[in-house]
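Given the structure is predicted, the values throughout are model-derived calculations rather than measurements.
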Amino acid sequence: LFPNGTMSNASGGTPEAIPTLTYEDVLKVHETYYHPSNALIVLYGDLDYRSFLKLLDENYLSQYDKKAITVDYKDEKPFTTVANKTYDFPAGENATTGESIISYAYAMTNISQTDRVGMSIIAEYLNQGSSIVQKDFKRANIGNTLEVYYEDSLPQPVLVFSVANTSPSKKEVLGRIVDESMKALVTKGFDETVLEMIIASTEFNNALVTEGSHLGVNIAVAVAQYWAAHGEYDYYNSYMSHIDYAKAHMTDGYLEQLVKKYIVGNKHAALVATVPKASLLEQKRAQQKKQLAAKEASMTKEEVAKLISE
């Protein structure tokens with residue numbers, strides 16, 4: 001979905017790439033981005049925030065000069081055709097192709113807060129056994145479970161239809177099921193009773209948020225994720241107003257139009273099969289061990305000691 005952007009990279013790196021990383025590379029990234037000008041500070045609780053702000057300023061922030069920091073996620077331009085790919089992934093010696101994963105994912109560019117909440121409701125609806133996509137999936141018998149999830153913590157959110165423990169030969173079948181069922185959903189509309197249940201459950205769970213443990217920490221982490229991805233501080237403050245909007249417009253075609261725009265009419269999508277390749281995991285581990293051993297052998301004892309200390 002994001003071949004040219006930073007979202008195509010694993011945040012923790014890959015085993016193949018990590019050995020090529022230099023100490024200088026790490027320092028450069030740290031010096032560029034790890035700075036108070038690129039930080040979000042969250043205060044939570046019944047406290048005198050003025051005293052805390054004074055403390056932060058005098059003991060921390062005042063020690064730095066403000067600087068402009070730009071984080072370029074390199075948003076992917078929408079595709080003109082759906083990507084269709086198959087990839088191998090490292091697996092143990094007993095793995096079979098029947099343990100493959102097929103995913104049909106849609107990227108959403110410039111989607112508003114209100115529509116993002118609407119898409120999360122749609123994802124929940126599509127996970128219901130009574131939804132047309134789930135019924136069509138069961139009739140096709142291409143896997144045990146079809147999972148539909150919406151990932152909103154990315155600069156370009158994604159909606160994913162995913163089947164695990166299936167055969168890569170079923171990829172095109174899943175594609176047809178999703179395409180045809182989503183078109184039918186736009187035409188026939190949503191089941192209002194199911195929508196009411198989903199929205200009521202969302203409202204109830206939201207009301208129980210304050211009953212959870214570690215509330216301040218959880219809120220801070222969630223707010224930070226949306227700030228990093230979308231530059232927004234107010235997502236949770238306005239969340240229920242977006243739920244109310246979807247509730248007020250669920251009978252006038254609002255959700256159907258979201259399906260039409262972001263799924264049926266969206267070519268920025270990828271139909272992908274990831275296939276386990278038996279013994280590749282052991283091969284990669286052996287190769288990495290060999291590379292690291294060769295690297296260590298090329299270094300002096302002093303260089304190894306210095307690397308460990310740094």
Side-chain angles (χ1 to χ4, degrees), residues 1 82-86 97-108 111 115-154 157-206 242-243 246-247 249-275:
L1 279 178
V82 176
N84 192 318
K85 302 286 185 179
T86 298
T97 57
E99 298 171 296
S100 299
I101 300 172
I102 303 174
S103 300
Y104 199 176
Y106 296 82
M108 297 166 196
I111 182 171
D115 287 354
R116 296 206 312 265
V117 173
M119 289 305 303
S120 69
I121 294 173
I122 290 171
E124 185 64 27
Y125 181 93
L126 296 176
N127 272 314
Q128 304 300 313
S130 59
S131 71
I132 186 171
V133 68
Q134 294 290 349
K135 290 180 179 179
D136 289 349
F137 171 76
K138 287 182 179 179
R139 278 194 291 268
N141 194 29
I142 62 172
N144 293 326
T145 305
L146 172 64
E147 180 186 7
V148 185
Y149 61 92
Y150 178 63
E151 180 54 68
D152 197 19
S153 61
L154 299 172
V158 295
L159 179 75
V160 183
F161 299 80
S162 185
V163 182
N165 296 317
T166 188
S167 167
S169 65
K170 305 298 183 182
K171 181 172 62 169
E172 305 303 330
V173 179
L174 177 64
R176 287 195 299 271
I177 290 171
V178 173
D179 289 344
E180 294 173 5
S181 64
M182 292 302 98
K183 290 177 182 177
L185 182 58
V186 172
T187 301
K188 297 178 180 179
F190 286 79
D191 184 320
E192 293 178 20
T193 301
V194 176
L195 282 179
E196 289 173 352
M197 176 196 72
I198 291 171
I199 292 175
S201 176
T202 301
E203 292 173 329
F204 180 72
N205 290 333
N206 190 72
H242 299 314
I243 292 291
K247 185 177 181 179
H249 293 275
M250 69 180 185
T251 61
D252 64 8
Y254 167 63
L255 294 176
E256 287 83 354
Q257 286 304 308
L258 290 185
V259 173
K260 183 177 181 180
K261 179 178 181 180
Y262 293 112
I263 304 178
V264 175
N266 186 5
K267 296 299 182 183
H268 192 174
L271 180 59
V272 177
T274 49
V275 184

Quick one: closest heavy-atom pair of Val194 and Ser130, and the distance? CG2-OG, 4.0 Å
Could you report the tightest heavy-atom contact between Ile132 and Ala184, atom names first, then the distance? CD1-CB, 3.5 Å
Can you find a pair of side-chain heavy atoms, one from Val272 and one from Thr86, that are under 4.5 Å apart? no
Nearest-0.5 Å distance that lies between atom CE in Met250 and atom CD in Glu256: 11.0 Å
Please check: side-chain N/O of Asp115 versus main-chain N/O of Ile111, any donor-acceptor pairing under 3.5 Å? no
Starting at CG of Leu258, measure out to CZ of Arg116 and round the result to the nearest 0.5 Å. 12.5 Å
With a 4.5 Å limit on heavy-atom distance, are the side chains of Ile198 and Phe190 in contact? no
Going by heavy atoms in the side chains, are Val148 and Ile122 under 4.5 Å from each other? no
Under 4.5 Å between any side-chain heavy atoms of Phe161 and Met182, yes or no? yes
What's the shortest heavy-atom distance between Pro157 and Tyr150, and which atoms? CB-OH, 3.4 Å
Ile102 side chain near Ile142 side chain, heavy-atom distance below 4.5 Å: no
Would you check if the side chain of Ser103 reaches a backbone N or O of Ala105 as a donor-acceptor pair within less than 3.5 Å? no
Supply the atom-to-atom distance Leu154 CG to Met108 CE, rounded to the nearest 0.5 angstrom. 11.0 Å
Heavy-atom check, side chain of Lys85 versus side chain of Leu271, under 4.5 Å: no
Can Thr97 and Glu99 be counted as having a side-chain donor-acceptor contact under 3.5 angstrom? no
If we ignore hydrogens and angles and just use 3.5 Å, is the side chain of Gln128 paired with the main-chain N or O of Glu124 as donor and acceptor? yes
With a 4.5 Å cut-off on side-chain heavy atoms, are Tyr149 and Asn127 touching? no
When rounded to the nearest 0.5 angstrom, what is the spacing between CD1 in Ile121 and CD1 in Ile199? 4.5 Å
Using only atom types and a distance under 3.5 Å, with no angle test, would you say the side chain of Ser131 pairs donor to acceptor with the backbone of Leu126? yes
Quick note, side chain to side chain donor-acceptor pair (under 3.5 Å) partners involving residues 173-196, not counting sequence neighbours, are Tyr104-Asp179
Please name all residues satisfying side-chain contact (heavy atoms from CB on, under 4.5 Å) with Ala164, sequence neighbours left out, ordered by chain then number. Ile101
Go through the steps for Val163 and Lys170 under the test side chain to side chain contact (heavy atoms under 4.5 Å, CB included), then give the verdict. CA-CA 10 Å; Val163 182; Lys170 305 298 183 182; over 6 Å; no
Output the distance between atom CD1 (Ile263) and atom CG (Leu185), rounded to the nearest 0.5 Å. 8.0 Å
Across all chains, not counting sequence neighbours, the side-chain contact (heavy atoms from CB on, under 4.5 Å) partners of Asn266 are Tyr106, His268
Check each of Val158, Asp152, Leu159, Val259 against Met119 using the side chain to side chain contact (heavy atoms under 4.5 Å, CB included) test, and report the only one that passes. Leu159
Mind checking the OG-NZ spacing from Ser100 to Lys171? Nearest 0.5 Å is all I need. 10.5 Å
Side chain Gln134, main chain Leu146, donor-acceptor under 3.5 Å: yes
